[in-house]
Enquirer: 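Here it is, the structure, as structure tokens.
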Amino acid sequence: MFISFTNRVGKMKAVTILLLLASIATVWSAAFEDREKYVAIERRGGLAAFDAEIPARQRPVALESQDRAVERLERRGGIAALNAAVSAGELALKIQDRAVEVFNTLHGAKELHERTRSLELVVANGSPRTLKFAGEYFDSGTWYSQPAILIQPNDATVATVANRQGSWFTGVTGGMSWEIVGTGMYLTIGFTNPYAGSFKTWIGVLDRASPKYGYDHAQDEYVKLVTSNGFNLIARLEDSTIADRRMVFAISNDE
């Protein structure tokens with residue numbers, strides 16, 4: 001009798017434990033799905049990060065609002081026009097011209113290809129303002145070929161960066177700033193191609209020249225469509241004929 005009662009108690013405990021584990025698994029699965037959806041939207045261009053203070057129970061509403069905001073911004077003429085210009089318009093032709101110039105200057109960039117890590121950096125100016133180079137920051141690596149000091153409206157510049165010659169187990173990571181002449185604002189970008197890790201980009205318009213800020217905030221390799229301080233901005237990765245990858249950074253007025 002005592003043994004039978006003990007067995008029944010043991011079985012009841014086992015069932016209770018199994019039910020508890022099943023409940024925990026359900027909650028964990030739901031939280032994981034919410035997190036995956038959050039990350040997926042966050043990667044869509046970095047248009048607007050979630051407010052860290054939004055309670056978890058409000059996340060579904062916030063996610064839906066964020067999704068609508070992304071779609072609205074993608075439909076806006078400024079971003080769409082800039083994206084089209086960089087892809088197949090006037091800026092695309094300028095980018096191609098500048099890339100050919102760099103390719104010829106580097107004699108096919110054979111030595112650049114031999115570096116452990118390298119990047120082709122394109123800055124395209126679709127705004128009516130001249131961009132003036134305001135500084136660079138390297139956490140690792142250095143210039144292989146430098147950009148133009150001035151980028152006129154509807155023009156572009158191409159620079160190349162790589163790990164330092166003779167260095168071991170290093171990549172190339174850093175940032176650049178460009179003064180948007182006559183505005184007091186600075187186009188700032190960040191780029192990474194580390195020895196261990198992934199490609200990352202960042203783009204924004206700041207009220208100061210801070211290339212290190214661009215590097216510090218670089219995140220993932222996904223396309224970024226951003227409006228910042230009255231400007232439309234794009235950062236995206238492409239294939240490169242002279243380096244590991246090409247990173248294209250573009251700016252236009254938010255009209």
Enquirer: Could you pull out all donor-acceptor pairs under 3.5 Å where a side-chain atom in residues 179-194 meets a protein atom, sequence neighbours excluded?
Expert:
| residue | atom | partner | partner atom | Å |
| --- | --- | --- | --- | --- |
| T183 | OG1 | I180 | O | 2.6 |
| T183 | OG1 | M185 | N | 3.1 |
| T188 | OG1 | S177 | OG | 3.4 |
| T192 | OG1 | S198 | O | 3.2 |
| T192 | OG1 | K200 | N | 3.0 |
| N193 | ND2 | S118 | O | 3.0 |
| N193 | ND2 | D244 | OD2 | 3.0 |

Enquirer: Among the clusters formed by ILVMFWY side chains lying less than 4.5 Å apart, do F249 and V205 turn up in the same one?
Expert: yes
Enquirer: Indicate if I251 and Y213 have the same hydrophobic cluster label, given that clusters are the connected sets of ILVMFWY residues with side-chain heavy-atom separations under 4.5 angstrom.
Expert: no
Enquirer: I want to check a possible cation-pi pair here: R129 against F231, using under 6.0 Å from ring centre and within 45° of the ring axis as the test.
Expert: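 Checked: cation-pi criterion not met.
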Enquirer: Could you tell me whether a side-chain N or O of N232 sits under 3.5 Å from a main-chain N or O of N253, the two making a donor and an acceptor?
Expert: yes
Enquirer: In Å, rounded to the nearest 0.5 Å, how long is the span from CZ of R246 to CG of L121?
Expert: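 It comes to 10.5 Å.
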Enquirer: Could you work out, with side-chain hydrogen bond (donor to acceptor under 3.5 Å, both in side chains) as the rule, every residue matching S240, not counting sequence neighbours?
Expert: E120
Enquirer: Would you give the length of the straight line joining atom CG of L91 to atom CG of N125, rounded to the nearest 0.5 angstrom?
Expert: 7.5 Å
Enquirer: E136: what forms a side-chain contact (heavy atoms from CB on, under 4.5 Å) with it, not counting sequence neighbours?
Expert: F133, F138, W143, M176
Enquirer: Using a 4.5 Å cut-off between side-chain heavy atoms of Ile, Leu, Val, Met, Phe, Trp and Tyr, which other residues end up in the same hydrophobic cluster as Y215?
Expert: Y137
Enquirer: How far apart are the closest heavy atoms of I203 and A250, and which atoms are they?
Expert: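 Where I203 meets A250 most closely, the heavy atoms are CD1-O, 3.7 Å.
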Enquirer: Just to verify, what does R236 make a side-chain hydrogen bond (donor to acceptor under 3.5 Å, both in side chains) with, not counting sequence neighbours?
Expert: N83, S87, E238
Enquirer: Are I234 and L206 co-members of a hydrophobic cluster defined by side-chain heavy atoms under 4.5 Å apart?
Expert: no
Enquirer: For L93, what are the other residues in its hydrophobic cluster, where any two members join if their side-chain heavy atoms are less than 4.5 angstrom apart?
Expert: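 L93 shares its hydrophobic cluster with no other residue.
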Enquirer: Between R117 and V172, is there a donor-acceptor pair closer than 3.5 Å when you use the side chain of the first and the backbone of the second?
Expert: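 No, R117 side chain to V172 backbone: no donor-acceptor pair under 3.5 Å.
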Enquirer: At their closest point, which heavy atom of G126 faces which heavy atom of S252, and how far apart are they?
Expert: O-CB, 3.7 Å
Enquirer: What distance separates Q165 CD from Y144 OH, expressed to the nearest 0.5 Å?
Expert: 7.5 Å
Enquirer: Enter the distance from T201:OG1 to M247:CE here, rounded to the nearest 0.5 Å.
Expert: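 Those atoms lie 6.0 Å apart.
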Enquirer: Just jot down the salt bridge (charged side-chain N to carboxylate O under 4.0 Å, His left out) partners of K212, sequence neighbours excluded, or say none.
Expert: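 Testing K212 for salt bridge (charged side-chain N to carboxylate O under 4.0 Å, His left out), a comparison that skips the adjacent residues, returns D216.
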Enquirer: Which residues pass the salt bridge (charged side-chain N to carboxylate O under 4.0 Å, His left out) test with D139, sequence neighbours left out?
Expert: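 Result, salt bridge (charged side-chain N to carboxylate O under 4.0 Å, His left out) vs D139: none returned.
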Enquirer: Mind telling me whether W202 and H217 have parallel, tilted or perpendicular rings, with 30° and 60° as the class edges?
Expert: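 Taking W202 first and then H217, their aromatic rings sit tilted (interplane angle of 30° to 60°).
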Enquirer: What's the spacing between I242 CD1 and L112 CG if we round to 0.5 Å?
Expert: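 Taking CD1 in I242 and CG in L112, the distance rounds to 6.0 Å.
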Enquirer: Give a yes or no on whether I79 and V86 share a hydrophobic cluster (residues Ile, Leu, Val, Met, Phe, Trp, Tyr; joining criterion: side-chain heavy atoms under 4.5 Å apart).
Expert: yes
Enquirer: List the atom pairs, with distances to 0.1 Å, where a side-chain N or O of residues 150-160 and a protein N or O form a donor-acceptor pair under 3.5 Å, not counting sequence neighbours.
Expert:
| residue | atom | partner | partner atom | Å |
| --- | --- | --- | --- | --- |
| Q152 | OE1 | T130 | OG1 | 3.1 |
| D155 | OD1 | R98 | NE | 3.2 |
| D155 | OD1 | R98 | NH2 | 3.0 |
| D155 | OD2 | R98 | NH2 | 3.0 |
| T157 | OG1 | A148 | N | 2.9 |
| T160 | OG1 | S145 | N | 3.0 |
| T160 | OG1 | S145 | OG | 2.5 |

Enquirer: Tell me every residue that passes side-chain hydrogen bond (donor to acceptor under 3.5 Å, both in side chains) with S140, counting only those two or more places apart in sequence or in another chain.
Expert: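 Here the qualifying residues are T173.
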